[in-house]
Amino acid sequence: MSSEPSGVLPRRRPSPIAIKKRNDGSGEEGKEEEKEKKGSWMEYEGEAEQPLSPAARLFHQPRFNCYIVAEMGIGTPIDVAAIKAGLLSTLVLHPRFSSVQILDESKGKKPKWVRTNVVIDNHIVIPNMDPNSNNPDQLVEDYVASLSNSPAIDLSRPLWDLHILNFQTSKASSVVILRIHHSLGDGTSLMSLLLACTRKTSNPDSPPSLPFSHHPPRSHPQNRLFAMLAALWAFLVLIFHSFVDLIIFTATAAFLNDSDTPFKGGDGTERHPKRFVHQSVCLDDIKIVKNAVGCTVNDVLLGVTSAGLTRYLYRKYESVNEKEKKKRFKSNIRLRSTVLVNIRPSPGIHALADMMQAGKCDAKWGNLMGYMILPFPIAFHRDPLDYVRKGKAIADRKKSSLEAIFTYSCAYMMMKLFGVKATAALSHRLLCHTSLSFSNIIGPVEEIGFYGHPLLYIAPSVYGHPQALTVHYQSYMNKMEIVLAVDESLIPDPHRLLDDLAESLQLIKDAAIAVKSIG
């Protein structure tokens with residue numbers, strides 16, 4: 001363990017849980033902080049300033065000040081000195097994590113990234129908390145929720161920080177929370193970057209491995225004419241689906257609103273504090289369903305989400321009479337999710353590790369994102385596997401569309417013609433007309449260490465957008481973490497919703513096993 005004082009590190013914001021400045025007796029901390037604030041907005045030798053991408057500028061608008069938070073359970077007590085040394089040798093070397101954002105747009109200036117000297121103590125937070133609490137799990141949950149209600153990270157430094165909760169919970173020996181402003185990158189790229197900072201516990205010199213997607217080889221028709229006709233038909237279907245999706249996207253941004261359900265947020269939801277809850281389920285259970293239906297893991301997760309949301313809504317409507325309840329469920333509840341898609345392929349873990357080692361952004365990096373609108377059917381099925389079959393049909397339909405590319409192109413053109421504020425207003429309206437955000441990220445298949453500390457779970461999420469519910473799935477080893485971010489004013493019982501999702505998976509898995517045994 002580190003021999004550092006047990007005080008806490010520099011902080012610049014109030015918090016529901018007291019955080020105060022660390023004082024190691026050197027008297028140099030104030031000078032270092034002042035240096036980071038005032039004297040370090042300079043370029044590294046040989047590097048040019050980089051302009052902010054349109055999406056990065058969008059995430060600085062008042063209605064889109066979004067942050068990604070990743071809670072990580074650690075299997076041992078945390079050595080603070082080892083964490084700081086590890087950050088300095090990896091994450092801090094990445095250009096985005098060692099740059100400040102100059103947002104001055106006066107006199108034709110363009111917002112830009114400028115490299116700076118990083119004072120690591122300004123990015124480490126150790127809150128003053130009672131390690132002997134009767135409910136440490138609740139203490140962690142409350143602390144992560146408090147981050148969504150705290151002031152924004154100071155723009156005079158790189159927009160990230162790491163919070164260390166060095167006490168035992170029911171799931172881990174300690175917890176760290178990495179908070180990153182969304183302008184630094186999309187969720188998939190940032191998760192890849194985080195994993196590039198880790199190493200396999202079985203081989204501390206090797207970055208983690210991600211599972212490979214095995215796609216069956218496509219059969220090619222022997223008849224050349226038939227092959228040409230099939231390719232033409234596929235192209236026409238792609239254009240038709242893309243056109244329909246673009247029409248629905250435009251209608252949603254203009255007037256097409258989701259049904260009024262307990263999940264539906266709206267204007268102002270982005271300013272509400274969020275609560276983050278998570279639960280682990282067995283990845284093998286998901287694979288049993290995948291093999292039984294002949295689909296992908298993502299298809300299973302779509303089906304599980306649809307089933308879980310249906311169970312939760314049905315319970316919420318128990319207060320009305322049975323006739324009214326059936327009427328609501330037969331009225332085709334419109335409940336849709338927005339899915340952010342980065343149309344720029346994310347750099348691999350090894351490429352990111354090399355990037356940090358070199359301190360140069362050679363690989364393509366940044367937000368290059370379009371939207372997809374994904375419907376979640378709310379209905380009861382006698383066969384639980386029908387939820388997954390319906391999810392597969394929806395996913396297959398979206399794969400045959402250029403919706404994300406078209407929406408990115410439209411946003412880019414709007415940004416050029418009308419500016420970032422008009423684009424932010426349109427995007428905000430689109431999110432207000434849908435019910436939730438959905439995402440799924442693949443994680444390592446073996447145990448990894450975070451600067452010498454074994455990771456037990458990873459639970460990332462996001463806050464700052466105008467939706468009351470965010471559903472995220474994160475795989476790691478043989479587990480799938482279900483992570484929810486909710487607006488408690490609309491969803492006061494997020495753990496009940498978590499249980500509904502987990503129970504839905506169990507019912508769907510039991511149905512898959514029954515089908516297999518009959519076969």
*Minimum heavy-atom separation for Val388 to Ile508, with atom names?*
CG2-CG2, 3.7 Å
*Looking only at non-hydrogen atoms, find the nearest pair between Ala502 and Ile482 and report the distance.*
N-CD1, 4.5 Å
*asked:* Applying the side-chain contact (heavy atoms from CB on, under 4.5 Å) criterion to Leu309, which one of Asp500, Ile378, Val304, Thr261 satisfies it?
replied: Ile378
_Please determine whether side-chain contact (heavy atoms from CB on, under 4.5 Å) holds for the pair Val244 and Ile248, giving the CA-CA distance in whole Å, both sets of side-chain angles, and the decisive distance to 0.1 Å._
CA-CA 6 Å; Val244 171; Ile248 294 174; 3.9 Å; yes
*May I ask you to decide if Arg397's main-chain N or O and Ser400's side chain share a donor-acceptor pair within less than 3.5 Å?*
no
*Counting only N and O atoms by type, is there a donor-acceptor contact under 3.5 Å from the side chain of Ser306 to the main-chain atoms of Gly303?*
no
*salt bridge (charged side-chain N to carboxylate O under 4.0 Å, His left out): pairs with one or both residues in residues 429-448, sequence neighbours excluded*: Lys200-Glu446
_Side-chain donor/acceptor of His472 to backbone N/O of Val483, under 3.5 Å_ = no
*So, does Tyr463 use its side chain to make a donor-acceptor pair with the main chain of Leu147 at under 3.5 Å?*
yes
_Side chain Asn440, main chain Asn298, donor-acceptor under 3.5 Å_ = no
*asked:* For a 4.5 angstrom cut-off between non-hydrogen side-chain atoms, does Ser489 reach His272?
replied: yes
*Taking atom types as modelled and ignoring hydrogens, do the side chains of Ser427 and Tyr371 form a donor-acceptor contact shorter than 3.5 angstrom?*
no
*Would you confirm whether Arg334, through its side chain, and Asn257, through its main-chain N or O, come within 3.5 Å as a donor-acceptor pair?*
yes
*asked:* Quick one about Thr434 and Arg336 (side-chain donor to acceptor, distance below 3.5 Å, no hydrogens or angles considered), yes or no?
replied: no
*Please check if atom NZ in Lys416 has more than 12 non-hydrogen atoms from other residues, nucleotides or ligands closer than 6.0 Å.*
no
*Cut-off 3.5 Å, side chains only: do Asn65 and His181 have a donor facing an acceptor?*
yes
*Would you say Lys398's side chain and Ile373's backbone share a donor-acceptor pair under 3.5 angstrom?*
yes
*Taking the side chain as every heavy atom from C-beta outward, state whether Met72 and Leu194 have any atom pair closer than 4.5 Å.*
yes
*Are Thr305 and Tyr473 linked by a side-chain donor-acceptor pair shorter than 3.5 Å?*
yes
*Answer yes if the side chains of Glu270 and His428 hold a donor-acceptor pair under 3.5 Å, and no otherwise.*
yes
*For residues Val462 and Ala485, report the shortest heavy-atom separation together with the two atoms involved.*
O-CB, 3.9 Å
*Is the closest side-chain donor-acceptor distance between Ser150 and Arg179 under 3.5 Å?*
yes
*Using the side-chain contact (heavy atoms from CB on, under 4.5 Å) rule, pick out the option among Thr470, Leu302, Thr338 that qualifies with Phe438.*
Leu302
_Closer than 4.0 angstrom, basic N to acidic O: yes or no for Asp142 and Arg275?_
yes
*Arg57 and Thr423: CA distance, side-chain angles, deciding distance, side chain to side chain donor-acceptor pair (under 3.5 Å) verdict*: CA-CA 10 Å; Arg57 294 171 60 194; Thr423 308; over 6 Å; no
_Working note: Thr296 + Asp299, criterion side chain to side chain donor-acceptor pair (under 3.5 Å); need CA distance, chi angles, decisive distance, verdict._
CA-CA 5 Å; Thr296 67; Asp299 297 337; 3.1 Å; yes
*Closest approach of Arg115 to Leu93 (non-hydrogen atoms, all atoms of both residues)*: NH2-O, 4.0 Å
*Distance-only polar pair, side chains of Gln474 and Tyr457, donor-acceptor under 3.5 Å*: no
*Name all residues meeting the side-chain contact (heavy atoms from CB on, under 4.5 Å) criterion together with Pro273; count only those two or more places apart in sequence or in a different chain, and write none if there are none.*
Ser148, Asn149
*asked:* Measuring only between side-chain heavy atoms, which start at C-beta, is Ile458 closer than 4.5 Å to Met191?
replied: yes
*Mark yes or no for whether Asp154, through its side chain, and Arg157, through its backbone, hold a donor-acceptor pair below 3.5 Å.*
no
*Quick one: CD on Gln467 to CG on Leu436, what's the gap to the nearest 0.5 Å?*
6.5 Å
_Validation row, ring centre His123 to ring centre Phe97 under 6.0 Å_ = no
*May I have the step-by-step check of side-chain contact (heavy atoms from CB on, under 4.5 Å) for His433 and Leu256, ending in yes or no?*
CA-CA 7 Å; His433 284 177; Leu256 187 61; 5.9 Å; no
*Would you name the heavy atoms of Leu159 and Ser183 that are closest together and state the gap between them?*
CD1-OG, 4.2 Å
*Answer yes or no: is there a side-chain heavy-atom contact under 4.5 Å between Leu155 and His60?*
yes
*Is the backbone of Leu455 close enough, under 3.5 Å, to the side chain of Tyr476 for a donor and an acceptor to pair up by distance?*
yes
_Any side-chain to backbone donor/acceptor pair from Ser461 onto Val69? Under 3.5 Å, distance only._
no
_Heavy atoms from other residues, nucleotides or ligands near NZ of Lys264 exceed 12 (cutoff 6.0 Å)_ = yes
_Any donor-acceptor N or O pair under 3.5 Å, side chains Thr269, Asp487_ = no
_Minimum heavy-atom distance Pro262-Ile491, with the two atoms named_ = O-CG1, 3.7 Å
